[in-house]
Novice: 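This is the structure I want to talk about, given as structure tokens.
Side-chain atoms are counted along with the backbone in the values below, which use heavy atoms only and exclude waters and symmetry mates. We're numbering straight along the sequence, starting at 1. Counting starts at 1 for both ligands and their atoms, in listed order.
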Amino acid sequence: MSSAQQNYRRVTACRICESTNLRRFLDLGEIPLVNRYVDPTDREEEETYPLELLYCLECSLSQLSIVVDPGILYQNYLYRSSISRTFTAHCYDIAQHAVDRFKLKQTDLVLDIASNDGCALREFGKFGLRIMGIDPAENLAQIATDLGTPTIPAFWNVESATRILENHGEASFINAMNVFAHVDNLDQFLIAVNVLLKETGVFVIEVPYLLSFVNQTEFDTTYHEHLSYFLVKPLIKQLEKHNLTVFDIKQHTIHGGSIRVYVRKAANKSIPVDSQAVQSLLQLEKEVGLHDLATYLNFSKHVMKVKTDVLDLLQKLNSQGKVVAAYGASAKGSVLSNYCGINNNLVRYVIDDTPEKQGHLTPGNNIEIVPANYLQTQRPDYLLIFAWNFAKEIMEKTQEFRNTGGRYIIPIPNVRVI
Ligand code: TMP
Ligand code: ZN
């Protein structure tokens, strides 16, 4: 493996407030891009990238220390949102909530930014709305369109927003799930939202919440696509720059703890601001120390403990002749396993239900990705749940393994055997 310095730029100033008062608090080493699965029949040398987090002393935004060229990250993306039933159910709930609360009608356009394989839009479609997706991964945009959710294969920016405006009119509802944290130029992203959003429209940002990240030691959700790690405080600051007002925030358990941040144009006073919902989270962030560097330095000590505990357990099981396999060839799994130095001696294979991932190898440590029938044909003693955010769903799916004496290892927030 070699370093890929030509493919990224270093962050020298905060993405939101431009301060250069950035402090590194987490260093997970040099690893390959975690969504870049290796094709064993067409192997190239894997390039590595530093994986580090910086904390901004001015606005409290945590951010990756580098920005990898998005063209390299997203061109062919194998992550499929709809593989998880938990996520699909979450999408139905948020669609239903949006339709009821904002009285969306059949003529209203709902735009989903970074719509992946159309998972969320399909749920909005069930309510008879006009739906439109946009995603830079050409393979996913095609899959989504084939499945009946029209999807433009492009990055979200002023140019694509203008094109949608000209062809389809203004959007009443813009949904941005698990994408805002992946964006380098947040100003351009929000300018584009202002172009397409109706004066009375609603824009919702859903991002993993840094509060859960820190409280539950979710360090393995640090990866190269994930540029910003949001608290409410810096998020509001960023939105205000563009005359956008947060009028509500809801916490969800999805992906280890996320927030849905409800936003409207500042001039649209017809939607009241729930200041209690907003202020209580701001207050909580402050009380638990998330506006202080010391909390993050302490967090990074917990991360090192998780690493030691995972490795100790896997080495012990290995020396006892036990076979361990993993479930979920997720970005998290690649981060955790590469950071901890887990190789295919310690984890024999990784199960993933995404057909496109099967037959590939995990980035860096090159563990084989296989379908779930391996649980019967090459039965392990333990299943390490890499996709711990879907642990419940995965355990339900593998009940037979469990009923016949199989055990699970859940690495986050503390290593546990079930
Ligand atoms: P994520 O945590 O980044 O969403 O990734 C979860 C991975 O786990 C993704 O590759 C899909 C996979 N997965 C399955 O293969 N089967 C399942 O039942 C679930 C919930 C996830
Ligand atoms: Zn800042």
Novice: Among all protein heavy atoms, pick the one closest to atom 15 (O) of ligand 1 and tell me residue, atom and distance.
Specialist: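 Going atom by atom, the protein heavy atom closest to atom 15 (O) of ligand 1 ends up being Asp353 N, 2.6 Å.
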Novice: Quick check on the 6.0 Å ring-centre criterion: do Tyr408 and Phe401 meet it?
Specialist: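 Between Tyr408 and Phe401, the centre distance is under 6.0 Å.
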Novice: Over 60° means perpendicular and under 30° means parallel, so tell me whether Phe390 and His255 are parallel, tilted or perpendicular.
Specialist: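 Taking His255 first and then Phe390, their aromatic rings stand perpendicular (interplane angle over 60°).
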Novice: Should the proximity of Arg80 to ligand 1, defined as any heavy atom under 4.0 Å, be assigned to the side chain, the backbone, both, or neither?
Specialist: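 Near ligand 1, Arg80 shows nothing, with every heavy atom at 4.0 Å or more.
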Novice: Which residue and atom name correspond to the protein heavy atom nearest atom 18 (O) of ligand 1, and how close is it?
Specialist: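 Here the nearest protein heavy atom works out to Lys397 NZ, 2.5 Å.
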Novice: How are the rings of Tyr374 and Tyr349 set to each other: parallel, tilted or perpendicular (split at 30° and 60°)?
Specialist: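 Ring orientation of Tyr374 relative to Tyr349: perpendicular.
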Novice: Within this structure, what is the OH-OG1 distance for the pair Tyr37 and Thr362, rounded to the nearest 0.5 Å?
Specialist: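 With rounding to 0.5 Å, OH (Tyr37) is 8.5 Å from OG1 (Thr362).
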Novice: What residue and atom, counting heavy atoms only, is the protein's closest point to atom 13 (N) of ligand 1, and at what distance?
Specialist: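 The answer is Ile83 CG2, 3.9 Å.
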Novice: Any atoms of ligand 1 less than 4.0 Å from a non-hydrogen atom of Ala387? List them with their elements.
Specialist: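 In order of numbering, the contacting atoms are 6 (C), 8 (O).
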Novice: Please report, to 10°, the angle around the Zn ion (ligand 2) from atom SG (Cys56) across to atom SG (Cys59).
Specialist: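 Result: 110°, to 10°.
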Novice: If you measure every N/O of Tyr327 against every N/O of ligand 1, is any gap under 3.5 Å?
Specialist: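 There is no such contact.
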Novice: So, are Arg101 and Asp248 salt-bridged, with charged N and O less than 4.0 Å apart?
Specialist: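 Yes.
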Novice: Considering the heavy atoms of Glu393, write down every atom of ligand 1 situated less than 4.0 Å from one of them.
Specialist: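 In order of number, 18 (O), 20 (C).
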Novice: If the cut-off is 4.0 Å to any non-hydrogen atom of Gly328, which atoms of ligand 1 fall inside it?
Specialist: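 It comes down to these atoms of ligand 1: 8 (O).
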Novice: Work out whether the distance between some heavy atom of Tyr79 and some atom of ligand 1 is less than 4.0 Å.
Specialist: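 Under 4.0 Å: yes for Tyr79.
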Novice: Say you draw a straight line from CG of Leu346 to SG of Cys340; how long is it, rounded to the nearest 0.5 Å?
Specialist: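 One finds 10.5 Å between CG of Leu346 and SG of Cys340.
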Novice: Using a strict 4.0 Å cut-off to heavy atoms of Phe390, name the atoms of ligand 1 that fall inside it.
Specialist: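 Per the distance check, 2 (O), 4 (O), 20 (C).
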Novice: State yes or no: are the ring centers of His97 and Tyr262 separated by less than 6.0 Å?
Specialist: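 Here the rings of Tyr262 and His97 have centres that are less than 6.0 Å from each other.
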Novice: Tell me whether Arg10 is salt-bridged to Glu52, with the criterion being a basic N under 4.0 Å from an acidic carboxylate O.
Specialist: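 Judged by the 4.0 Å cut-off on N to carboxylate O distance, Arg10 and Glu52 do form a salt bridge.
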Novice: Any atoms of ligand 1 less than 4.0 Å from a non-hydrogen atom of Ala329? List them with their elements.
Specialist: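 Those atoms are 10 (O).
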Novice: Is the shortest distance from a heavy atom of Arg85 to ligand 1 less than 4.0 Å?
Specialist: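 The answer is no: ligand 1 sits nowhere under 4.0 Å from a heavy atom of Arg85.
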Novice: Decide whether a cation-pi geometry holds between Lys322 and Tyr382; the criteria are a distance under 6.0 Å from NZ or CZ to the six-membered ring centre and an angle within 45° of the ring axis.
Specialist: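 Verdict for Tyr382: no cation-pi partner in Lys322.
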Novice: Which atoms of ligand 1 are found less than 4.0 Å from any heavy atom of His255?
Specialist: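 Near His255, the atoms of ligand 1 are 4 (O).
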Novice: Going by the order shown, which atoms of ligand 1 are within less than 4.0 Å of some heavy atom of Lys357?
Specialist: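 This gives 9 (C), 10 (O) as the contact atoms.
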Novice: Tell me the protein heavy atom at minimum distance from atom 2 (O) of ligand 1, and give that distance in Å.
Specialist: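 That would be Lys332 NZ, 2.7 Å.
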Novice: Considering only non-hydrogen protein atoms, determine which one is nearest to atom 12 (C) of ligand 1 and report residue, atom name and distance to 0.1 Å.
Specialist: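 Answer, as residue, atom name and distance: Asp352 OD2, 3.2 Å.
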Novice: Could you tell me the residue and atom name of the protein heavy atom closest to atom 5 (O) of ligand 1, and the distance to it rounded to 0.1 Å?
Specialist: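 For atom 5 (O) of ligand 1, the nearest protein heavy atom is Ser330 CB, 3.2 Å.
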Novice: Should the pair Arg80-Glu356 be classified as a salt bridge under the 4.0 Å nitrogen-to-oxygen rule?
Specialist: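 Between Glu356 and Arg80 there is a salt bridge, with a charged N closer than 4.0 Å to a carboxylate O.
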Novice: Check whether the ring centres of Phe299 and Phe213 lie less than 6.0 Å apart, and answer yes or no.
Specialist: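 Yes: the rings meet the under 6.0 Å criterion.
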